[in-house]
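Atoms considered below: every heavy atom in the structure, side chains included; atoms not considered: hydrogens, waters and symmetry mates. One is the number of the first residue; the rest follow in order along the sequence.
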Amino acid sequence: MHEAIKTTSAPQPRGHYSQAVRVGSFLFVSGQLPLDRHGNIVKGTMAEEAALALENIRAIVEAAEGTIADIVQCTIYISDIEHWVEVNGIYGAFFSEVPVLPARAVVPVKEMHFGAHIEIQAIAFLNRP
């Protein structure tokens, strides 16, 4: 059975999708842009944008009663691979206390919604029915 996960601690979807969908022990988190919880785009450094997208993922995973240690895979869409060192530093700090780092893919893209420079999606395994 599928279950939509919803939280007001992260931006609400602006389209026809859920913040996350839980199927059994798996949680599929939709791509998160650097939006504040009210849905406003936050333009800043790449580090600031990456940190906000990751915090949105944390809020959604926690709404499903998980932690960032439950995240098993991330896909990062980045507008310019030149920013990768900065993004990788924020990503590393975010997951610094996690015993097993998630698998990861980085995909350079031309442009994203609302002029964002990064979008991150994640999959978590909650190991709880």
Checklist entry - Counting distance only, does the side-chain N/O of Glu86 pair as donor-acceptor with the main-chain N or O of Ala47 below 3.5 Å? => result yes
Checklist entry - Are any non-hydrogen side-chain atoms of Ile41 and Pro34 less than 4.5 angstrom apart? => result yes
Checklist outcome for this item: Separation between CD (Gln121) and CD1 (Ile60), nearest 0.5 Å, reads 11.5 Å
Checklist entry - Can you find a pair of side-chain heavy atoms, one from Ile71 and one from Ile57, that are under 4.5 Å apart? => result yes
Next on the checklist: Treating Asn56 as the side-chain partner and Leu33 as the backbone partner, does any N or O pair qualify as donor plus acceptor under 3.5 Å?
Outcome noted: yes
Item to check | side-chain contact (heavy atoms from CB on, under 4.5 Å) evaluation trace for Leu126 with Glu65 | outcome: CA-CA 8 Å; Leu126 303 177; Glu65 300 179 1; over 6 Å; no
Checklist entry - Between Phe125 and Asp70, is any pair of side-chain heavy atoms under 4.5 Å apart? => result no
Checklist entry - Sequence neighbours excluded, which residues qualify as side-chain contact (heavy atoms from CB on, under 4.5 Å) partners of Val85? => result none
Item to check | Approximate separation, where rounding is to 0.5 Å, of Ile76 CD1 and Glu119 CD | outcome: 11.5 Å
Checklist entry - Which residues satisfy the side-chain contact (heavy atoms from CB on, under 4.5 Å) test with Ile81, sequence neighbours excluded? => result Ile78, Trp84, Val106, Pro108
Item to check | side-chain contact (heavy atoms from CB on, under 4.5 Å) between Phe94 and Ile68, intermediate numbers included | outcome: CA-CA 9 Å; Phe94 182 79; Ile68 63 169; 3.6 Å; yes
Item to check | Pairing residues for Ser30 by the side-chain contact (heavy atoms from CB on, under 4.5 Å) criterion, not counting sequence neighbours | outcome: Tyr17, Gln32
Checklist entry - Residues in side-chain contact (heavy atoms from CB on, under 4.5 Å) with Val23, at least two apart? => result His2, Val21, Phe28
Next on the checklist: Rounded at 0.5 Å granularity, tell me how far CZ in Arg58 sits from OG in Ser9.
Outcome noted: 12.0 Å
Item to check | Steps toward side-chain contact (heavy atoms from CB on, under 4.5 Å) verdict (His83, His117) | outcome: CA-CA 9 Å; His83 296 294; His117 296 105; 5.7 Å; no
Item to check | Which atom of Met46 lies closest to which atom of Ile118, heavy atoms considered | outcome: CE-CB, 4.0 Å
Checklist entry - In terms of hydrophobic clusters joined by side-chain contacts under 4.5 Å, are Val87 and Val109 together? => result no
Checklist entry - Taking ILVMFWY side chains as joined if any heavy atoms are under 4.5 angstrom apart, and letting links pass through other members, which residues group with Val42? => result Leu52
Checklist entry - Roughly how far, to the nearest 0.5 Å, is the OG atom of Ser79 from the CE atom of Met112? => result 5.0 Å
Next on the checklist: When you group the ILVMFWY residues by side-chain heavy-atom contacts below 4.5 Å and let the links chain together, are Leu35 and Ile120 in the same group?
Outcome noted: no
Checklist outcome for this item: Separation between CD1 (Ile123) and CG (Leu27), nearest 0.5 Å, reads 9.5 Å
Checklist entry - Yes or no on side-chain contact (heavy atoms from CB on, under 4.5 Å) for Val29 and Gln19, after CA distance, side-chain angles and deciding distance? => result CA-CA 6 Å; Val29 180; Gln19 287 173 316; over 6 Å; no
Next on the checklist: For Ser18, is there any backbone N or O sitting under 3.5 Å from a side-chain donor or acceptor partner on Lys6?
Outcome noted: no
Checklist entry - What residue pairs, at least two apart or across chains, pass side chain to side chain donor-acceptor pair (under 3.5 Å) with a residue in residues 88-106? => result Asn88-Arg104
